[in-house]
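One structure below.
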Amino acid sequence: MKTPYFIIDADLIEANLKVLRGVIDRTGCKILLAQKCFSCYGLYPLISQYLHGMTASGLYEARLCHEEMPKGEIHIFSPAFHEDEIDEIFKICDHIVFNSPRQLALYGQRAKDAGLQVGLRINPECSTQEGHAIYDPCAPGSRLGTTLLQFESQIADNLSLLDGLHFHTLCEQNSDDLETTLDAVIEKFGKYLPHMKWINFGGGHHITREDYDIPRLECCIRRMQTEYGLEVYLEPGEAVALNAGELHCCVMEVQPTGTDGIQNVIVDTSAACHMPDVIEMPYTPPILFPPIGDSKSGSYRLGGPTCLSGDIIGTYQFAQELHEGDEIVFGDMAIYSMVKTNTFNGMPLPNIYIRRGENLTLWKQFCYDDFKSRI
Ligand SMILES: *Cc1c(COP(=O)(O)O)cnc(C)c1O
């Protein structure tokens, strides 16, 4: 198998889906996959056995689930919709969530006439995360979501158009932060909730992480169901595919120890091209193989073969020395990876395999034309 390549483990995805299904079965909420995190549609038939559907960030993602998902609801949210896409969106989506009073005024009535449920994304102005400011839609000056001030001054006329409210404020967070957010939503928008049929809690719920407090999540869901009679939607991305993917690469060169005491290692995968979140977020991806160890064999800084100085995946210590030709396997590579790859520097795209039990199937093979056709 030619490196670099991704392996998606369908069994591990299914294990995540079973956890999510437990929440559905115990509470009666509805859970959708946020495709922007994971859109490998080879897994859509499996996913649709457990979840209620999918959510899309725009027409292309909506089309993808329309074409590839055997059954289920299609929801769509975008900060702004294009007039030349809106009719096709109306044809294939069941729910549409607008970001602003202006977008609701522009398209809300047409969406209703086309038979869609209409929602508005609200901004409860309640930041619960530290560290990742670019993932905080509640940060001051955010363009995402309608604040209470905007809502009260501009929505009153269009309130009858709304079937539901949507908020998305979390990123890789636990249910205590959801609880805090929900308090803010109720404090600010509570008086409008009795007019609604549903509320969508957005994504960022790390439900399938080991330390996630599921009973507390279920309390949040039941609170909205019983106090306001609302249907509750969740639309996680990461929780569906968490820890269910690998990225395999190969060591191309091990350089001598540098002035900072670390050996640079060139691998045939790239942070910038194949796992851009490593740089954008930033984070250091876990390594599944070779075994991580103490510092006996020194520290290795793994970097890609691109011209970008900052194309650094991370610095690691292994149980044994690294050598040219060694394979390295990064973990948790199903989320926000394949959907973000690019061919900067003419880097080849990693092929994608799907593992199911003992079987490994080549799902997608990329070549030079994938680079050329985009330019
Ligand atoms: C990104 C996003 C999600 C999914 O978030 P995860 O962190 O992957 O769970 C859901 N809804 C909206 C509106 C989003 O922008």
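Residues: numbered from 1 along the sequence shown. Counting convention: from 1, in listed order, for ligands and their atoms alike.
Contact analysis leaves Ala239 out of contact with ligand 1, as no non-hydrogen atom separation drops below 4.0 angstrom. Assignment of Gly204 to the shell around ligand 1 is supported, since a heavy atom sits closer than 4.0 Å. Residue contact check for ligand 1: Tyr135 places no non-hydrogen atom closer than 4.0 Å to it.
The shortest contact between atom 11 (N) of ligand 1 and any protein heavy atom is with Glu235 OE2, 2.7 Å. Here the protein heavy atom with the shortest distance to atom 1 (C) of ligand 1 is Lys36 NZ, 1.2 Å.
Here is the list of ligand 1 atoms found below 4.0 Å of a heavy atom in Ala34: 3 (C), 4 (C), 10 (C). Those atoms of ligand 1 with a heavy atom of Gly237 less than 4.0 angstrom away are 4 (C), 6 (P), 8 (O), 9 (O). Residue contact check: Glu238 has heavy atoms under 4.0 Å from atoms 6 (P), 8 (O), 9 (O) of ligand 1. Every atom of ligand 1 with a heavy atom of Tyr336 under 4.0 Å away is listed here by number and element: 1 (C), 4 (C), 5 (O), 6 (P), 7 (O), 8 (O). Heavy-atom proximity to Pro236, at under 4.0 Å, picks out these atoms of ligand 1: 9 (O).
Partner of Cys273 under the side-chain contact (heavy atoms from CB on, under 4.5 Å) criterion, out of Asn342, Thr343, Leu349: Asn342 alone. Of the candidates Pro286, Cys249, Ser337, Phe330 forms a side-chain contact (heavy atoms from CB on, under 4.5 Å) with just one, namely Cys249. The only member of His95, His52, His166, His168 that meets ring-ring contact (aromatic ring centres under 6.0 Å, His included) when paired with Tyr233 is His95.
The number of heavy atoms from other shown groups lying within 6.0 Å of CZ (Arg102) does not exceed 12. When the shell of 6.0 Å around CD1 of Ile292 is examined, it contains more than 12 heavy atoms from other residues, nucleotides or ligands.
The shortest N or O to N or O distance between Glu172 and ligand 1 is not below 3.5 Å. An N or O contact shorter than 3.5 Å is missing between His205 and ligand 1 by distance.
Both Phe189 and Leu161 are part of a single hydrophobic cluster, where members link through side-chain heavy atoms under 4.5 Å apart.
Minimum interatomic distance between Ile186 and Tyr228 (heavy atoms only, all atoms of both residues): CG2-OH, 3.3 Å.
Distance alone, capped at 3.5 Å, places no donor-acceptor pair between the Asp183 side chain and the Thr180 backbone.
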